A.B. asks: 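Starting off with a structure, shown below.
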Amino acid sequence: MDFKSSFSSNVRVFLLWMNTIAFFNYLKPGLAGNFNQDFGISWGDGRAKTLENGKILTLSLDEASGSGVQSKKECLFGRIDMELKLVPGNSAGTVATYYLSSQGPTHDEIDFEFLGNLSGEPYIVHTNIYTLGKGDREQQFYLWFDPTADFHTYSFIWNPLSIIFFVDGTPIRVFKNLESWGIPYPKNQSMSIYASLWDAEDWATRGGIVKTNWSQAPFTAAFKNFKSNVCVWNSGKSSCGSKADSMKPWFNQELDATSQARLKWVQTNYMIYNYCTDTKRFPQGLPPECTVNTTTIS
Ligand SMILES: *[C@@H]1O[C@H](CO)[C@@H](O)[C@H](O)[C@H]1NC(C)=O
């Protein structure tokens, strides 16, 4: 074999091999589903710990510091499920978070935050959505169970049509893509997945009425069964390609009639704050996404 033909056959083998890798990456749901592989500890000096070979993550908070982790990869659209068991007992002032965020002053962000309370008093599930650096889209809920007694699943679906927040499979909030009404929608900036536990007594306890009881520290929240089916974003490319969309049920997922009814049930019985009805806060008029008649959107 002369140099030229051996070179070209090597190139062919190499290209074939690259194609095979690309194909398997394309079938892969993105992340491994393991805290050791998928996440790095970003702060907290030993207060963030993984157990059982990365199947469980615990985050702790004491008077000196909280703790947090960040996914190693970034995604642009996905379905992410996480089971959380929140800080038990007197957790007033503590805030556990689980959210998606891109970087920089015009970042996008999709938040679940869990505001602790005195023993026996209800947690608040606080949600928010930032588009191009602007948030102010809070909705808050009570839960229909004790989130400290056991693990429960909190999920995001983020696709080009909508963002849906779920608790144990029940949708609690939907933010639709209303770009055709001139309302920005997160779809151009890849996001990392974050979880943290921190102290926010000045904010989280009705404006600092209740203080964190440090004699109960350390406070600990646990995370497990992290599952993701996401489009991994790497050097300007999505692992989903263009045809993969049909492979991923979440990619086109919107709420069917049953889920709409569940959402209504949550919003009627458990929603305690909705920025879209806070006319005092927005005297100049409610944010545009609150007044668009979404029933006209197919
Ligand atoms: C804590 O419990 C009180 C009393 O039930 C309730 O009003 C409040 O919304 C709860 N949550 C927080 C974070 O204060």
Side-chain angles (χ1 to χ4, degrees), residues 44 47 58-68 82-101 109-130 135-156 165-168 170-175 194-223 262-282 286 290:
R47 291 176 183 81
T58 59
L59 298 180
S60 291
L61 161 72
D62 56 39
E63 210 162 353
S65 177
S67 51
M82 185 87 84
E83 288 186 28
L84 271 73
K85 191 173 169 188
L86 299 173
V87 175
N90 181 356
S91 58
T94 72
V95 175
T97 72
Y98 153 49
Y99 64 103
L100 311 176
S101 183
E109 188 175 319
I110 308 171
D111 297 333
F112 259 125
E113 297 189 284
F114 304 89
L115 281 47
N117 215 334
L118 298 169
S119 298
E121 301 294 340
Y123 260 78
I124 289 178
V125 178
H126 174 97
T127 64
N128 203 356
I129 293 166
Y130 287 72
D136 298 336
R137 295 193 176 92
E138 300 86 354
Q139 287 186 357
Q140 295 185 331
F141 306 84
Y142 287 143
L143 292 162
W144 47 96
F145 51 82
D146 175 2
T148 71
D150 216 333
F151 283 92
H152 290 269
T153 307
Y154 303 87
S155 318
F156 298 107
F165 295 71
F166 295 88
V167 174
D168 285 338
T170 296
I172 63 162
R173 175 172 191 178
V174 177
F175 183 79
Y194 296 83
S196 66
L197 183 66
W198 54 292
D199 178 59
E201 62 182 359
D202 296 336
W203 166 67
T205 58
R206 288 162 283 150
I209 296 172
V210 184
K211 294 290 168 195
T212 304
N213 184 348
W214 293 112
S215 71
Q216 313 274 311
F219 303 100
T220 301
F223 300 69
R262 296 289 291 163
L263 176 68
K264 188 114 209 246
W265 172 78
V266 173
Q267 295 191 335
T268 307
N269 296 293
Y270 296 97
M271 186 186 257
I272 51 172
Y273 178 78
N274 182 2
Y275 76 110
C276 272
T277 56
D278 195 346
T279 47
K280 271 197 208 129
R281 181 178 171 193
F282 302 104
L286 292 169
C290 300

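All heavy atoms count here, side chains included; hydrogens, waters and symmetry mates do not. Here the structure is a predicted model, which is why all the values come from computation and not from measurement. First listed ligand is number 1; within each ligand, the first listed atom is number 1.
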A.B. asks: Out of Ile272, Thr94, Ile209, Asn117, whose heavy atom sits nearest atom 2 (O) of ligand 1?
C.D. replies: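 Checking each option, the heavy atom nearest atom 2 (O) of ligand 1 is found in Asn117.
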
A.B. asks: Looking at atom 13 (C) of ligand 1, what's its closest protein heavy atom, distance included?
C.D. replies: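 Here the closest protein heavy atom is Ala204 O, 3.2 Å.
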
A.B. asks: Enumerate, atom names and distances included, each donor-acceptor pair closer than 3.5 Å involving a side-chain atom of residues 265-272, sequence neighbours excluded.
C.D. replies:
unit_1, atom_1, unit_2, atom_2, d
Gln267, NE2, Ile172, O, 3.4
Thr268, OG1, Lys264, O, 2.7
Asn269, ND2, Trp265, O, 2.9

A.B. asks: Hey, which atoms in ligand 1 end up nearer than 4.0 Å to a heavy atom of Tyr142?
C.D. replies: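 Counting from 1, the qualifying ligand atoms are 6 (C), 7 (O), 8 (C), 9 (O).
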
A.B. asks: Give every residue pair that meets the salt bridge (Lys or Arg N to Asp or Glu O under 4.0 Å) criterion with at least one member in residues 272-282, sequence neighbours excluded.
C.D. replies: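 Every salt bridge (Lys or Arg N to Asp or Glu O under 4.0 Å) pair that includes a residue of residues 272-282, provided the two are not neighbours, is Asp136-Arg281, Glu138-Arg281.
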
A.B. asks: Okay, side chain of Asn128, backbone of Arg137: is any donor-acceptor separation there less than 3.5 Å?
C.D. replies: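 Present.
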
A.B. asks: Looking at Tyr98, Phe112, Trp203, which one forms a ring-ring contact (aromatic ring centres under 6.0 Å, His included) with His126?
C.D. replies: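 Single pass found, and it is Trp203.
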
A.B. asks: Between Ser67 and Leu59, is there a donor-acceptor pair closer than 3.5 Å when you use the side chain of the first and the backbone of the second?
C.D. replies: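 Between the backbone of Leu59 and the side chain of Ser67 there is no qualifying donor-acceptor contact (under 3.5 Å).
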
A.B. asks: Would you mind checking which non-hydrogen protein atom is closest to atom 14 (O) of ligand 1, with the distance to 0.1 Å?
C.D. replies: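 Here the nearest protein heavy atom works out to Arg206 NE, 3.2 Å.
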
A.B. asks: Within less than 4.0 angstrom of ligand 1, does Gly116 place any heavy atom?
C.D. replies: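 Yes, that is the case, since the closest heavy atom of the residue is under 4.0 Å from the ligand.
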
A.B. asks: Backbone or side chain, does any N or O of Glu121 fall under 3.5 Å from an N or O of ligand 1?
C.D. replies: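 There is such a contact, yes.
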
A.B. asks: Is there side-chain contact between Phe165 and Ile129, with at least one heavy-atom pair below 4.5 Å?
C.D. replies: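 A side-chain contact under 4.5 Å exists here.
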
A.B. asks: Quick one: look at Pro122 and ligand 1, take heavy-atom pairs under 4.0 Å, and tell me if it's side chain, backbone, both or neither.
C.D. replies: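 For Pro122, backbone and side-chain atoms both sit under 4.0 Å from ligand 1.
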
A.B. asks: Report the part of Tyr123 (side chain from C-beta onward, or backbone N, CA, C, O) that has a heavy atom under 4.0 Å from ligand 1; answer both or neither where that applies.
C.D. replies: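 Within the 4.0 Å criterion, Tyr123 makes no contact with ligand 1.
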
